[in-house]
Participant: 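Just dropping this structure here.
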Number of protein chains: 2
Amino acid sequence: MDIREIARRAKVSTATVSRAINRVPTVDPQLSRRVWKVVDELGYYPNTQARALVSGRSRIFGLIVSEITNPFFPEIVQTFENLAVENNYEILLTSTVHDPKRMESSVRRMIERRVDGVAILTFGMEESLLEHLRFRKVPLVFVDVGPDAPHIANIRIDYQNGIRQAVQHLAALRHSRIAFIAGPHHLKSAMARRSAFQHAMAEIGLPSTLIVEGDHTLEGGMRALNELIGMRRKQPTAILCSNDMTAIGVIREAYDHEIKIPSDLSIIGFDDIRLAQFTTPPLTTVQMSQVELARLAFQALMDETERPSLANRGSEYTLVTSLILRRSTALASSP
Amino acid sequence: MDIREIARRAKVSTATVSRAINRVPTVDPQLSRRVWKVVDELGYYPNTQARALVSGRSRIFGLIVSEITNPFFPEIVQTFENLAVENNYEILLTSTVHDPKRMESSVRRMIERRVDGVAILTFGMEESLLEHLRFRKVPLVFVDVGPDAPHIANIRIDYQNGIRQAVQHLAALRHSRIAFIAGPHHLKSAMARRSAFQHAMAEIGLPSTLIVEGDHTLEGGMRALNELIGMRRKQPTAILCSNDMTAIGVIREAYDHEIKIPSDLSIIGFDDIRLAQFTTPPLTTVQMSQVELARLAFQALMDETERPSLANRGSEYTLVTSLILRRSTALASSP
DNA sequence: TCGAGTTAGGTAAACGTTTGCAGCCCCGGG
DNA sequence: CCCGGGGCTGCAAACGTTTACCTAACTCGA
């Protein structure tokens with residue numbers, strides 16, 4: 001069932017049907033009603049691919065995340081989808097699971113479907129791949145790590161703010177041996193958190209010597225706690241974790257060691273994923289709002305897409321982080 | 001950059017380019033090489049919408065889930081996507097968040113994009129909406145609740161098996177006061193679990209009187225445990241939960257009441273989401289493999305789509321459930 | 001050498017829209 | 001009464017592919 005079928009039955013031209021459907025204001029209300037009546041009767045739905053073909057805009061945004069099964073992402077995907085629906089966009093989701101092959105196929109698929117823009121919420125995307133997208137002038141949004149170029153928007157995250165609050169909060173609770181469980185080296189975002197920690201510690205005159213490597217997973221958190229416990233002399237009284245999953249792993253492992261949280265050990269996470277509200281005890285953490293992140297990314301894409309003339313020197317957005325107090329921190333036990 | 005551009009440069013017709021790209025075997029290897037050379041040089045990517053328009057197949061599958069933020073779903077989405085990539089399909093994901101408006105827009109979008117099939121992993125989709133899809137003969141896959149009709153495949157879940165195992169396991173541990181925290185009434189899948197429980201209890205001659213209402217959320221589990229604790233005389237020594245999130249809520253609430261799990265109270269969940277491995281203690285639960293579920297759904301869609309002739313009396317698939325023993329169950333404490 | 005049969009590659013129509021352009025009608029002013 | 005102009009509507013081209021059909025060339029046996 002075509003637009004032509006509709007035209008025939010409503011006794012108008014296809015042009016008029018098209019205009020009526022797209023609510024072009026110049027079309028006579030009476031004609032418009034006639035068209036819509038037929039449309040409803042027949043249950044006609046425009047064919048998006050034909051539309052995209054001629055208009056040159058697919059109304060699809062690509063969204064590349066590193067792992068949809070990582071609890072950090074579903075909230076983002078949901079928000080992104082909400083916005084897409086509101087604005088009549090579709091979203092093409094790919095979860096690369098850190099696999100270079102998948103990243104490549106992901107980019108290829110986005111190009112083949114002629115997406116109007118791509119938000120990249122994963123890291124370790126090779127430069128050569130991005131070149132394909134940039135070559136086609138596809139608007140891009142990066143988080144944290146993007147190059148500074150036309151048609152590329154960047155969302156910068158102010159790690160400093162939240163992490164400083166976290167460190168100061170611990171210091172106010174008289175903690176001085178504060179450890180940091182870092183994320184993997186290859187993640188720029190993890191490195192940024194780490195240096196924000198070092199910076200904040202330095203600010204209040206504390207040494208940041210207690211840093212161990214984690215990998216942003218629950219298991220990594222468990223391992224890291226064991227490593228920290230092994231340090232006989234200078235065991236920490238508080239731990240700041242590079243993300244919430246790590247913190248959840250620490251809490252879980254602490255339970256097995258009969259270390260009471262927060263009385264024996266204070267824990268602070270990072271991200272504020274939903275699950276952080278449901279640990280025992282509920283996790284004090286640095287919030288990096290996933291909803292806000294998704295909003296910014298979507299907005300950036302819209303800005304770039306809907307008015308391509310202006311702002312061709314990729315714009316910048318900033319997401320601030322801040323401490324959320326729950327119940328996983330307490331006064332340091334006397335040494 | 002077109003297929004025509006490629007044709008011009010490779011000095012062949014567009015038909016040949018098309019055939020070469022699609023690896024039609026009759027095309028001369030030498031010509032094919034010439035075409036591919038140009039394709040690679042120019043970084044040409046076929047336009048999927050033009051292709052879809054003429055071929056009548058979009059190579060897009062719709063996937064409707066109820067809430068991507070529910071930890072049950074990401075694993076499914078990931079598996080579905082993996083399969084899609086392998087088979088050169090795209091997936092159009094929508095998360096309805098139980099909102100009828102969203103369900104409607106979801107179906108509309110699927111039709112407008114001319115998806116080749118839809119897997120429906122949500123419940124409470126109105127019949128009238130589905131009618132739109134069925135009217136267009138879009139292949140459909142349902143889980144649990146689908147109508148029996150042409151072009152509609154159903155995945156049945158054998159709740160009995162796993163739940164019987166769970167109940168028998170508890171009985172073997174000398175539990176007799178076994179409670180069940182049910183899911184919401186409006187979910188057929190929740191009702192099926194509930195009656196499977198009743199059935200299994202009856203089989204071993206136990207009354208299933210201890211049933212309280214949950215809502216498949218963590219908070220619901222917390223509330224339900226309190227309700228159960230309130231029952232002075234006949235407090236359960238074991239609880240079977242309608243899903244894992246409920247069980248996690250129970251564990252969390254038990255901790256606050258200083259009820260030791262499993263020594264004071266045994267808990268069994270349902271679904272075996274990944275998180276179930278990381279509770280304290282790790283959760284014994286009935287596995288309903290999300291990977292397998294996604295596989296079946298995808299396979300059903302492929303079967304229905306790729307060979308439309310046969311199997312026009314919608315096929316049936318069955319997913320079995322089975323008990324996974326971890327550490328949240330123990331011998332009943334002497335009464 | 002010739003003709004039938006096979007095969008590779010080209011021509012052009014078709015897919016379902018949007019949109020630039022042209023034409024028609026109607027209104028109002030000179 | 002005539003003419004200019006503005007507002008709607010329709011005509012037809014274009015978007016980038018696939019594919020049915022046709023043609024030309026080649027193979028091979030008689």
Side-chain angles (χ1 to χ4, degrees), chain A residues 1-36 38-39 42-60 88 90 108-116 136 138, chain B residues 1-36 38-39 42-60 88 90 108-116 136 138:
Chain A
M1 172 177 20
D2 274 62
I3 204 176
R4 286 179 293 234
E5 174 79 11
I6 308 292
R8 209 172 307 131
R9 301 210 188 203
K11 302 199 190 313
V12 294
S13 72
T14 59
T16 303
V17 175
S18 172
R19 287 192 268 253
I21 287 177
N22 292 301
R23 304 212 136 80
V24 173
T26 62
V27 46
D28 183 303
Q30 191 180 339
L31 274 195
S32 180
R33 265 195 303 277
R34 222 160 74 202
V35 169
W36 276 104
V38 179
V39 165
L42 266 59
Y44 162 80
Y45 290 76
N47 181 323
T48 325
Q49 30 226 25
R51 188 178 272 188
L53 192 57
V54 43
S55 75
R57 315 232 296 104
S58 64
R59 297 201 80 82
I60 301 181
N88 261 298
E90 222 56 73
R108 184 175 45 68
R109 289 154 62 202
M110 305 259 160
I111 296 178
E112 287 185 350
R113 298 274 168 188
R114 300 296 191 267
V115 296
D116 289 341
R136 287 191 164 58
V138 178
Chain B
M1 171 180 18
D2 299 57
I3 203 176
R4 284 180 295 233
E5 175 79 11
I6 309 292
R8 209 171 308 132
R9 301 210 186 202
K11 304 202 190 311
V12 294
S13 72
T14 60
T16 304
V17 175
S18 172
R19 288 192 269 253
I21 287 177
N22 292 300
R23 304 212 134 78
V24 172
T26 62
V27 45
D28 183 300
Q30 191 181 339
L31 273 196
S32 181
R33 265 196 302 279
R34 221 161 75 203
V35 169
W36 276 103
V38 179
V39 165
L42 265 59
Y44 162 81
Y45 290 75
N47 181 324
T48 326
Q49 31 227 23
R51 187 178 272 186
L53 193 56
V54 42
S55 74
R57 315 230 296 102
S58 64
R59 299 200 79 83
I60 302 180
N88 260 297
E90 221 55 74
R108 183 174 46 67
R109 289 155 61 202
M110 305 258 158
I111 295 178
E112 288 185 350
R113 298 274 169 190
R114 301 295 190 266
V115 296
D116 289 340
R136 288 190 165 59
V138 179

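Residue numbers start from 1 in every chain, and the chains themselves are labelled A, B, ... in the order their sequence lines are given, proteins ahead of strands. Predicted model only: the values in this text are computed from it and were never measured.
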Participant: As an exercise, state the distance from CZ of B:Arg34 to OG1 of B:Thr16, rounded to the nearest 0.5 Å.
Facilitator: 9.0 Å

Participant: Under 4.0 Å between any heavy atoms, over every strand shown, what does B:Ser18 touch: base, sugar-phosphate, or nothing? Just pick one.
Facilitator: base

Participant: How many whole angstroms separate atom CZ of B:Arg8 from atom P of C:dG10?
Facilitator: 15 Å

Participant: Would you kindly give the CD1-to-C1' distance between B:Ile3 and D:dT18, to the nearest whole Å?
Facilitator: 8 Å

Participant: Atom CZ of A:Arg114 and atom C1' of D:dG16: how far apart are they, to the nearest Å?
Facilitator: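 Checked: the CZ to C1' distance equals 9 Å.
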
Participant: Would you state whether a donor and an acceptor, one from the side chain of A:Arg19 and one from the base of D:dG10, lie under 3.5 Å apart?
Facilitator: yes

Participant: To the nearest 0.5 Å, how far apart are CD in B:Gln49 and CZ in A:Arg114?
Facilitator: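 Taking CD in B:Gln49 and CZ in A:Arg114, the distance rounds to 7.0 Å.
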
Participant: Would you indicate, yes or no, if C:dG9 has its OP1 or OP2 atom less than 4.0 angstrom from a side-chain nitrogen or oxygen of B:Ser13?
Facilitator: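 Result: no.
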
Participant: Let me know the distance between CZ of B:Arg4 and P of C:dT11, rounded to the nearest Å.
Facilitator: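 In whole Å, C:dT11 P and B:Arg4 CZ are 14 Å from each other.
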
Participant: Looking only at heavy atoms, which two atoms of A:Arg59 and A:Asp116 are closest? And how far apart?
Facilitator: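 Closest heavy-atom pair between A:Arg59 and A:Asp116: N-OD2, 2.8 Å.
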
Participant: Establish, with yes or no, whether the OP1 or OP2 oxygen of D:dT18 is under 4.0 angstrom from a side-chain nitrogen or oxygen of B:Ser55.
Facilitator: no

Participant: When you measure from the side chain of B:Thr26, which nucleotide among C:dA8, D:dT19, C:dT17 comes out closest?
Facilitator: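 That would be C:dA8.
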
Participant: When the distance from CG of B:Asp28 to C1' of C:dG10 is rounded to whole Å, what number comes out?
Facilitator: 15 Å

Participant: Could you tell me which non-hydrogen atom of A:Leu31 sits nearest to which non-hydrogen atom of A:Val27, and how far apart they are?
Facilitator: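 The pair with the smallest heavy-atom distance is CB-CG2, 4.4 Å.
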
Participant: Are B:Glu5 and B:Arg8 close enough for a salt bridge, meaning some N to O gap below 4.0 Å?
Facilitator: yes

Participant: Between A:Gln49 (CD) and C:dT17 (P), how many Å, whole number?
Facilitator: 10 Å

Participant: Phosphate oxygens OP1/OP2 of C:dT18: is one of them under 4.0 Å from a side-chain N or O of A:Asn22?
Facilitator: yes

Participant: Would you say B:Tyr44 reaches D:dT17's phosphate, i.e. side-chain N/O to OP1/OP2 under 4.0 Å?
Facilitator: yes

Participant: Counting side-chain heavy atoms from C-beta on, which of D:dT17, D:dA14, C:dA12 comes nearest to B:Ala15?
Facilitator: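 Among the listed nucleotides, the one closest to the side chain of B:Ala15 is C:dA12.
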
Participant: Report the distance from atom CZ of B:Arg33 to atom C1' of C:dG9, rounded to the nearest whole Å.
Facilitator: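 The answer, rounded to whole Å, is 17 Å.
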
Participant: From CG of A:Leu53 over to P of D:dG16, roughly how many Å is that when rounded to an integer?
Facilitator: 7 Å

